[in-house]
Structures are given as structure tokens and as C-alpha cells.
Amino acid sequence: MARVKPFKGVRPPRELVEEVASRPYDVLNSEEARKEAGDNEKSLYHIIKPEIDFEPGFDEHDPAVYDKAVENFNKFQREGWLRQDSKECYYIYAQTMDGRTQYGFVVGAWVPDYMEGRIKKHELTRRDKEEDRMKHVRCNNANIEPVFFAFPDNEALQNIIDEVTASKPEYDFVAPDGFGHTLWVIDNDDMIARVTEEFAKIPAMYIADGHHRSAAAALVGAEKAKNNPNHKGDEEYNYFMAVAFPASHLKIIDYNRVVKDLNGMTPVEFIDRLRDNFDVKDMGTQTYHPSGLHNFSLYLDGRWFSLTAKEGTYNDSDPIGVLDVTVSSDLILRDMLGITDLRSDKRIDFVGGIRGLEELKRRVDSGEMAMALALYPVTMKQLMDIADSGNIMPPKTTWFEPKLRSGLVIHKLD
């Protein structure tokens, strides 16, 4: 069962929230963060990407950079740009994109739930990326950024969302990217008890986005428990900050592939070989979107093609084998193009569906890439089925949008 608790959030005063809040650390590079922060000394980038306070090119993993994060976190609190709530609260955080709104609970998630598999993952993590975030959590003694969870729909929790969001929010603004962000504070004791009780009935939560952050937050909590001779189990470090959304609120968008060469084949030869496993249709120069599961969109040589995997080329009873990332990875990338390791092969790159299929066309037309492949998005049900079966999705399978804004709430570990 999912164990959660309220916590004393550290957050900006209402009038400063738009200056403080930022995109998550991992969706932009140091140069982009430096540019977005500009001369705004209140930007959270000074805490989550503190290398922007050093000369361009300075190693972002240098110990001085982590020290700078701590110095800046302390400064934000000293200056009153971040203040801690006086009582333990839950929060409801809503994001609006393209007229669709998703509502999640900001909670303290229990570290043992992660360690023992009740918070389920669907992706592998890389140790170097975990270690970077662990250092950040350790040195700040806080979860500066939340992780993104989904949970099976629950009527009572949906009723709480409806009740709370009928009142005036604490924050309500539209970020520069056009996405809306709204936050309500749940500080009523009865309501807090109801949230805790209802989450306790949920069998499992699922990491939607932020596998490295989840691993880092949970591992630091477990490390603190191990190193504390007086550990009791109710300390704040036993919890890490997550925003948990009912699964039906979330939408996974496509995550597409671009490849640098055709492995020695001409475009005509490549298309001919595709016909072994796919029904191929030339769709001309009009952008073609995949129409459903097992249908792919290929852009090659100035034209769009529809590829439909033939019966027998995939296994509908295998939660991984049925995925279009598996079908395309095995039948096209591996068997035809010789790309076996999606994580490290420099011949392939990945483009989030938020950029649209025009971005695929642009990268091929520019000559940088030889072909692009657009995939039909994975569903939340597929993601949860895979996590339940203990399997791991292939790399670069899911893309969630909008991303959680960082800096609306921070969780201290003491």
C-alpha cells in the first residue's frame, strides 16, 4: 500500500513564484539555463544548475558547483525568496497544456516503498546520473525538485481534488512556454487525514518521469537511515517529494527516432528491405502521423511512408514485445541498420513528440540525418502493465508533457 505524508513545504511567496520557478534541471543544458536565468538572481536555476554562476564551460560536476548550490539555497531562504510553511501540508498541483488540465498531489513518498518495489519503475537508470542527483540531494539536505508519479484512479482522491480546486489557488500563472501552473495548499487537518488514508488503499504508485531523481532521493534517504544510530523510521529523510497524478489524467506523447545513415543502403534498397516485415505505403510529401499501434511513419528522401508491421512480427501477449519501440528497434534499427545499443550509439538521436513531426523532417532535410521514424505513443495502461510485470521498457519510450515546474514546493530532509 502507498504510504505518504504531508510536509512543511519550502516555497516562494506568491508574488515571487514566477521569478523563482524554472523548468526541471534535465530538460536543458547549462548554456540554455544560463540564458533563461539571465539577470534574474531569484531563478531556481542558481540552485538546480549552479554551474551558471561560473564561467561557461566550467565542469558542472566540480565540487565547487555543489557547494554553490548550497550557498544559493541558503541565500534564497535568507532573502525570503523561499519560506517554509509552518505546518505540514499536502498540495495539489495542476498543469494545463492545450486546454487539458492534470491534477496531482504533492506528497512525501516513503523511501521503503521505493526500495521494496511498491513504487514501480519502468526504465533502467544510469549510475553516473543517479550519483550526480544524490550529491545534489545530500549537499542541500533537500529534494529541491519533485518526481512525477502516477497511481491507479481512485474516486475518493478525485473527490478531494474536485473539492480543493473549487477554492482560490495559492499560485496561478502561465510559464513562458505557454503552459499553466496552479497550486493549492491543503492545510485542513481533516482533509490531510483523508488524503493519507486514501493513498494507503492504493496498491502501488508508478514512476512516470524522473527515474534518476526517484532513485537518488530514495537512496539518500536509505543512506541517512543506515548512518543514523538512533534511526526510528519516522524521520523526514524517510520521505521524498513526489507529485502523484491519477493515471487517467496523464497523456504520454510520442518519442521519435532520427538516424544518420542507412547502413550502406540506398533509399530504394532500404524501402525494399522494409517490405519483408512491413506493409509499406508511399504517402507523398504531406506529413503522415502513425494511425495506431504497429503503424509507423517514416520520413526518407523528402517523402513520408506508412509502415504497418505484418502479423507475426510482434508478440501481443508479451508486454515488451508488443511495444512499437521494440518492433522498430528489432526489425529496423537492429536488423537493418545495425544499431543495437540505443543508449550509446552515436548514429541515432531521439526527438520528443512535443517538437512535432516537422522537427523530424527538418533534421533529415538539413542533411544531418538520413531518415526519421515516428512512433505511436505508449499508453498509461501499457506502462503500468510493464511495471507490474517487473519488466523494463526499452530506452527512450515515453515522453510526458508538460514537465513539472521546479521551485513551487521544496522538501527538506530534516
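Using modelled atom types, one finds no donor on one side chain facing an acceptor on the other under 3.5 Å when comparing Asn277 with Thr313. Between the side chains of Asn256 and Asp254, at least one donor N or O lies within less than 3.5 Å of an accepting N or O. With no hydrogens or angles considered, no side-chain donor-acceptor pair links Glu163 and Asn159 at under 3.5 Å. Counted by atom type alone, His249 and Gln158 present one or more donor-acceptor pairs between their side chains at under 3.5 Å. Neither side chain, Tyr45 nor Arg34, offers a donor N or O lying under 3.5 Å from an acceptor on the other.
Taking the side chain as every heavy atom from C-beta outward, Met369 and Val259 never approach each other to under 4.5 Å. Using a 4.5 Å heavy-atom cutoff, the side chains of Thr379 and Ile252 are not in contact. Between Val220 and Leu413, some side-chain heavy-atom pair lies under the 4.5 Å cut-off. Counting heavy atoms from C-beta on, the side chains of Met336 and Phe270 come closer than 4.5 Å. Annotation: side chain of Tyr114 is in contact with side chain of Ile207 (closest heavy-atom distance under 4.5 Å). Counting only heavy atoms from C-beta outward, the side chains of Ile202 and Pro152 approach each other to under 4.5 Å. Considering only heavy atoms from C-beta on, Val164 stays 4.5 Å or farther from Tyr90 through its side chain. Between Asn295 and Pro290, some side-chain heavy-atom pair lies under the 4.5 Å cut-off.
A salt bridge links Lys49 with Glu51: the distance from a Lys NZ or Arg NE/NH1/NH2 to an Asp or Glu carboxylate oxygen falls below 4.0 Å. A salt bridge is absent between Glu358 and Lys361; no separation between the charged side-chain nitrogens and carboxylate oxygens falls under 4.0 Å. One finds no salt bridge joining Arg100 and Asp98 here, because no Lys/Arg side-chain nitrogen approaches an Asp/Glu carboxylate oxygen to under 4.0 Å. Look at Arg362 and Glu368 and you find no salt bridge, because none of the NZ, NE, NH1 or NH2 atoms lies under 4.0 Å from a carboxylate O. Salt-bridge check for Lys35 with Glu32: failed, with every basic side-chain N at 4.0 Å or more from each acidic carboxylate O. Salt-bridge check for Arg11 with Glu170: passed, with a basic side-chain N closer than 4.0 Å to an acidic carboxylate O. Salt-bridge formation is detected for the pair Lys5/Glu88: a Lys NZ or Arg NE/NH1/NH2 atom is positioned less than 4.0 Å from an Asp or Glu carboxylate oxygen. Salt-bridge formation is detected for the pair Lys87/Asp189: a Lys NZ or Arg NE/NH1/NH2 atom is positioned less than 4.0 Å from an Asp or Glu carboxylate oxygen.
Within 6.0 Å of the CD atom in Gln286, the count of heavy atoms belonging to other residues, nucleotides or ligands does not exceed 12. Dense packing is recorded around CZ of Phe179, with more than 12 heavy atoms of other residues, nucleotides or ligands lying under 6.0 Å away. A 6.0 Å sphere centred on CZ of Arg334 holds more than 12 heavy atoms belonging to other residues, nucleotides or ligands. Within a 6.0 Å sphere centred on NZ of Lys121, other residues, nucleotides and ligands contribute 12 heavy atoms or fewer.
To the nearest 0.5 Å, atom CG of residue Asp59 and atom CZ of residue Phe54 are 10.5 Å apart.
For the pair Arg405 and Tyr171, the cation-pi test (distance below 6.0 Å, angle within 45°) is failed.
Between Trp304 and the choices Tyr288, Phe296, Tyr299, the ring pair (Phe, Tyr, Trp, His ring centres under 6.0 Å) rule is met once, by Tyr299. Among Ile48, Asn141, Asn140, Leu44, the single residue meeting the side chain to side chain contact (heavy atoms under 4.5 Å, CB included) criterion with Phe73 is Asn140.
Between His411 and Tyr239, the ring center distance fails the sub-6.0 Å criterion. Less than 6.0 angstrom separates the ring centroid of Phe245 from the ring centroid of Phe148.
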Could you walk me through whether His136 and Tyr66 pass the side chain to side chain donor-acceptor pair (under 3.5 Å) test, one step at a time?
-> CA-CA 6 Å; His136 199 270; Tyr66 296 99; over 6 Å; no
TODO: List the steps, then state whether side-chain contact (heavy atoms from CB on, under 4.5 Å) holds for Ile332 with Leu307.
DONE: CA-CA 11 Å; Ile332 302 175; Leu307 315 179; 4.1 Å; yes
| request: Starting from the C-alpha separation in whole Å, work towards a yes-or-no answer on side-chain contact (heavy atoms from CB on, under 4.5 Å) for Leu331 and Tyr314. | output: CA-CA 10 Å; Leu331 302 182; Tyr314 49 85; over 6 Å; no
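Side-chain atoms of Asn154 do not come within 3.5 Å of backbone N or O of Pro246 as any donor-acceptor pair.
Note on residues 371-399: pairs passing salt bridge (charged side-chain N to carboxylate O under 4.0 Å, His left out), not counting sequence neighbours, are Lys120-Asp388, Lys381-Asp385. Here salt bridge (charged side-chain N to carboxylate O under 4.0 Å, His left out) pairs that include residues 207-225, with residues two or more places apart or in two chains, are Asp26-Arg213, Arg138-Glu223, Asp209-Lys403.
In this pair, Phe105 and Phe151 present their aromatic rings tilted. The plane angle is within the 30 to 60° band.
When the salt bridge (Lys or Arg N to Asp or Glu O under 4.0 Å) test is applied to Asp349, the partners found at least two apart in sequence or on another chain are Arg363.
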